[in-house]
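Notes for the one structure printed next.
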Amino acid sequence: MTYKITVFNTLGREYQEFKTITPGLVKMYICGPTVYDSAHLGHARTYIAFDAIIRFLEYMGYRVIYVRNITDVGHIREESGMDRMIHGAERERRHPMEVADKYMMEFFKDMDMLGVRRPDIQPRASMVIPEIIDAVHKLIEKGFAYTVDGSVYFEVSKFDGYGRLSRIKISELQRHRLEPDPRKKSPGDFALWKEAPPNYPLVWRSPWGLGFPGWHIECSVMSMKYLGEQIDVHGGGHDLVFPHHENEIAQSEALSGKSPFVRYWLHTGELTVEGQGMHKSLGNYITIREALRRYSPDLIRLFILSSHYRSPIDFSEKAMAQARENLEKIVDALNLLSEASDGGGDELANSVALDVEEFKSAMCNDFNTPSALAAIYAAADKVRAHIGMGRPVGTPSKVAGMILEMCNALGLLRGFTPVRLAVEAEKVLKVLLDVRRELRRRGLYEIGDEIRSRLAEIGIKVEDTRDGERVRLTL
RNA sequence: GCCGGGGUGGCCGAGCAGCUAGGCGGCAGGCUGCAGACCUGCUCUACAGGGGUGCAAUUCCCCUCCCCGGCUCCA
């Protein structure tokens with residue numbers, strides 16, 4: 001059967017059938033981080049969510065060209081009007097590019113540890129400065145931008161349809177955290193190129209003097225440089241809808257003269273911690289490395305995928321504990337299957353095959369990972385019940401393969417191997433269980449239970465069934 | 001103020017016009033020396049409140065209340 005994938009497009013706020021420009025090929029650009037500090041759980045949420053989407057598309061047979069940028073210049077901070085990179089550099093008393101490198105490498109490592117598929121191209125804003133200057137120049141030539149001393153601004157009113165993505169009206173862009181530059185023609189106009197103050201540590205020569213790019217333009221340039229003037233998917237956190245993505249559309253379509261710049265805009269919901277936004281001042285700022293010290297990558301991923309990518313998600317110990325139970329259920333089912341012997345019919349395999357169909361249709365419905373996980377749980381439960389009732393599995397490796405196939409399509413349990421004891425340990429365990437059986441036969445339950453609880457402490461759960469002991473390893 | 005997203009059973013969390021989400025937890029029973037796993041049943045005719053349109057509304061429309069986000073910092 002063929003599957004129709006439906007996605008919710010932020011542009012238009014509606015569900016649309018997913019049809020790529022070139023059949024079978026997905027050109028996708030995801031906004032990467034500004035590397036002035038360690039990545040946090042919010043980044044993990046966004047990139048894991050997109051990772052699952054990408055893996056699923058690949059699972060469905062698409063080739064995905066995935067570009068995710070690194071922004072290492074031009075991201076202005078509000079209170080000081082200072083580039084975020086410069087701020088990081090001042091804090092750490094290093095050169096801005098040294099700071100950028102440090103956090104970029106850290107980010108790459110975090111993503112690898114989380115099992116996020118590497119993008120095919122990871123361009124860096126500072127490496128496309130010539131292209132940015134060129135783009136800014138063209139925007140001036142085309143009449144979409146104007147200069148004010150050494151700065152260049154995009155004139156929003158020149159671009160028809162500005163505000164289509166975020167549904168913002170130019171006339172309502174009246175509230176500002178920062179006093180807008182009074183020389184701008186309209187408060188909504190945004191910088192393409194900024195004139196640098198004296199002694200600014202990170203500047204480039206341009207036709208307008210020494211300066212640096214505005215935030216937004218780098219993404220337009222990198223997206224078009226590596227994926228072309230029109231792409232299939234552009235994604236990022238929900239907080240980027242305005243102004244970042246709105247401005248990207250304006251710049252890009254003004255430059256290329258082609259519309260739409262992006263077919264499907266996908267945005268991930270915010271991550272909160274115990275119900276509050278993450279802020280260093282609240283003390284609830286959790287970096288990815290901190291999270292990885294406490295939780296396995298699969299656990300973090302399962303937690304994130306338990307919520308739909310567009311919904312907000314709240315991080316808490318309780319939520320993680322719940323995710324852990326669910327993960328253990330899946331792993332338990334896979335472990336049980338690895339020990340089950342062939343025999344019986346295809347009944348279980350056929351039933352799990354239905355779950356795989358459920359899984360696919362859930363994911364085809366705007367990448368509904370909670371529903372997709374429900375299908376995996378259903379399959380795992382069937383396995384546990386089947387084996388729990390002592391029924392033959394039929395083709396355990398086939399069943400395990402189907403469950404792993406679903407998990408892997410979400411990036412879960414990619415490195416799964418059934419937990420096994422070493423041969424020697426196996427023999428020792430057998431001796432212990434033999435002794436325990438004899439103890440129980442003589443009614444010496446207390447000592448038998450002692451053996452059981454001591455084994456449980458080291459991750460070996462012994463369960464007594466009619467057919468003897470079943471050992472579950474949670475090593 | 002403007003724009004956007006939400007409020008689903010004890011908790012988490014899908015669905016969004018008719019048909020069981022799912023998970024976690026709790027209770028009772030079965031099986032067990034016990035525990036666990038597994039099985040059965042219950043908690044579970046839940047969808048913020050009030051109107052409206054439908055044969056039919058958690059799902060669409062309007063109003064009210066509450067929460068959150070964006071409005072040139074953010075994934």
Side-chain angles (χ1 to χ4, degrees), chain A residues 10 13 30-34 36-37 39-50 68 75-82 84 87 163 166-169 171-178 180-181 187-191 214-216 235-244 246-247 267-272 275-279 303 306-308 310-314 316 318-319 321-326 329 332 336 358 362 365 368-378 381 384-391 440 443-446 448-449 452-453 456 461-466 470 472:
Chain A
T10 305
R13 315 283 154 109
I30 305 295
C31 279
T34 302
Y36 68 103
D37 205 346
H40 52 68
L41 276 180
H43 295 103
R45 196 272 160 95
T46 291
Y47 300 124
I48 287 174
F50 281 115
R68 185 183 62 207
H75 206 145
I76 307 296
R77 298 187 84 208
E78 133 249 356
E79 63 272 37
S80 57
M82 191 186 271
R84 297 177 84 84
H87 179 80
S166 59
R167 304 199 164 170
I168 209 154
K169 294 186 184 74
S171 58
E172 280 158 5
L173 287 175
Q174 299 301 340
R175 249 171 105 100
H176 316 284
R177 292 179 183 172
L178 241 192
D181 186 331
D189 294 351
F190 57 92
W215 184 41
H216 318 309
H238 205 265
D239 46 354
L240 295 179
V241 173
F242 187 86
H244 190 56
E246 191 69 61
N247 292 353
H267 291 100
T268 53
E270 314 269 320
L271 179 135
T272 51
Q276 290 183 300
M278 250 197 299
H279 294 292
F303 158 68
S306 298
S307 175
H308 183 82
R310 283 189 286 110
S311 299
I313 185 169
D314 189 47
S316 65
K318 211 177 148 196
Q322 203 170 298
R324 174 171 281 125
E325 281 185 82
N326 287 329
K329 272 172 63 165
D332 187 43
L336 286 172
E358 282 293 316
N365 179 208
N368 193 325
T369 52
S371 283
L373 287 172
I376 296 177
Y377 299 146
D381 279 348
R384 287 150 55 90
H386 206 88
I387 294 176
M389 288 187 285
R391 293 157 69 188
R440 293 177 67 215
L444 298 167
Y445 294 116
E446 212 172 299
D449 289 351
R452 183 173 64 194
S453 63
K461 282 190 198 158
V462 176
E463 293 164 2
D464 297 305
T465 70
R466 309 143 274 287
R470 183 199 297 150
R472 287 178 197 247

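A quick note: this is a predicted structure, and the numbers were derived from the prediction, not measured. Order of the sequence lines fixes the chain letters, A, B, ..., with proteins taken first and strands second; residue numbering starts at 1 for each chain.
Distance noted for atom P between B:rG25 and B:rG36: 12 Å (whole Å). For B:rC3 and B:rA21, the C1' atoms lie 33 Å apart once the distance is rounded to whole Å. Comparing B:rC65 with B:rG50, their C1' atoms are spaced 10 Å from each other, to the whole Å. Atom name C1', nucleotides B:rU64 and B:rG7: the rounded distance is 14 Å, in whole Å. On the P atoms, B:rG6 is 14 Å away from B:rC62, given to the nearest whole Å. Distance check on atom P: B:rG1 versus B:rU58 gives 31 Å, rounded to whole Å. Nucleotides B:rC24 and B:rC39, compared at atom P, are 11 Å apart to the nearest Å. B:rA48 sits 14 Å from B:rG9 when the C1' atoms are compared, rounded to a whole Å.
With the nearest nucleotide of RNA chain B identified for both A:Ala191 and A:Arg310, A:Arg310 has the one nearer the 5' end. A residue-by-residue look at A:Gly42 and A:Pro243 shows that A:Pro243 has its nearest nucleotide of RNA chain B further toward the 5' end.
Taking a pair as Watson-Crick or G-U wobble with both distances under 3.5 Å, the runs of three or more consecutive pairs in RNA chain B are B:1-7 with B:65-71, B:10-12 with B:22-24, B:25-30 with B:38-43, B:48-52 with B:60-64.
Rounded to the nearest 0.5 angstrom, A:Leu271 CG and A:Leu41 CG are separated by 5.5 Å. Taking NE2 of A:His386 as the start and CZ of A:Arg391 as the end, the distance is 4.5 Å to the nearest 0.5 Å. Here CD1 of A:Ile30 is found 8.5 Å from OH of A:Tyr47. Values are rounded to the nearest 0.5 Å. To the nearest 0.5 angstrom, A:Leu240 atom CG is 10.0 Å from A:His216 atom NE2. A:Arg68 CZ to A:Phe50 CZ: the interatomic distance, rounded to the nearest 0.5 Å, is 11.0 Å. Residue A:Thr268 holds its OG1 atom at 8.5 Å from NE2 of A:His238, rounded to the nearest 0.5 Å.
Base orientation at B:rG54 is syn, since its O4'-C1' glycosidic dihedral falls within 90° of 0.
Rounding to whole angstrom units, CG of residue A:Leu373 and P of B:rA21 are separated by 18 Å. What separates CG of A:Asp239 from P of B:rG5 is a distance of 16 Å, to the nearest Å. Computed from coordinates, the A:Arg324 CZ to B:rC11 P distance equals 23 Å when rounded to whole Å. Regarding A:Glu358, its CD atom lies at a distance of 13 Å from the C1' atom of B:rA14, rounded to whole Å. The NE2-C1' distance, from A:His308 to B:rG5, rounds to 13 Å in whole Å. Rounded to whole Å, the distance from NE2 on A:His244 to C1' on B:rA75 is 10 Å. We find that CD of A:Glu325 is positioned 4 Å from P of B:rG25, with the value rounded to whole Å. Rounded to a whole Å, the CZ atom of A:Phe303 is 12 Å from the C1' atom of B:rG13.
Contact annotation for A:Thr272: no contact, since no heavy-atom pair falls under 4.0 Å across all strands. Residue contacts shown for A:Gly32 are limited to sugar-phosphate atoms, with no base heavy atom under 4.0 Å away. Among the heavy atoms of the strands lying under 4.0 Å from A:Ser311 are primed sugar atoms or P, OP1, OP2 only; no base atom is included. The residue A:Phe50 sits apart from the nucleic acid: no heavy atom pair falls under 4.0 Å. Within 4.0 Å of A:Ile387, counting heavy atoms only, lies no atom of the nucleic acid at all. Nucleic acid contact for A:Pro33: sugar-phosphate only, since backbone atoms but no base atoms lie under 4.0 Å from a heavy atom of the residue.
Inter-residue side-chain proximity for A:Ser307 and A:Arg45 is flagged as met; some heavy-atom pair is nearer than 4.5 Å. In this structure the side chain of A:Asn247 never reaches within 4.5 angstrom of the side chain of A:Trp215, judged on heavy atoms. Residues A:Ser306 and A:Leu373 have side chains in contact (heavy-atom distance under 4.5 Å, counting atoms from C-beta outward). The shortest side-chain heavy-atom distance between A:His43 and A:Thr46 does not fall under the 4.5 Å cut-off. The shortest side-chain heavy-atom distance between A:Asn368 and A:Pro370 falls under the 4.5 Å cut-off.
An OP1 or OP2 oxygen of B:rG15 is reached within less than 4.0 angstrom by a side-chain nitrogen or oxygen of A:Asn368. In this model, the phosphate group of B:rG25 is not approached by any side-chain N or O of A:Lys318 to a distance below 4.0 Å at OP1 or OP2.
Of the candidate nucleotides B:rG23, B:rG15, B:rG4, B:rG23 has the atom nearest to the side chain of A:Asn326. Among B:rC16, B:rA14, B:rC71, the nucleotide with an atom closest to any side-chain atom of A:Phe242 is B:rC71.
In this model, a side-chain donor or acceptor of A:Thr46 finds a partner on the base of B:rA75 within 3.5 Å. At a cut-off of 3.5 angstrom, the base of B:rG23 holds at least one donor-acceptor pair with the side chain of A:Gln322.
Nearest heavy atom pair, residue A:Arg384 against residue A:Leu336, reads CG-CD1, 4.0 Å.
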Take nucleotides 33-40 of chain B nucleotide by nucleotide from the 5' end and write B, S or -, depending on whether a protein heavy atom sits under 4.0 Å from the base, only from the sugar-phosphate, or from neither. BBBBSSS-
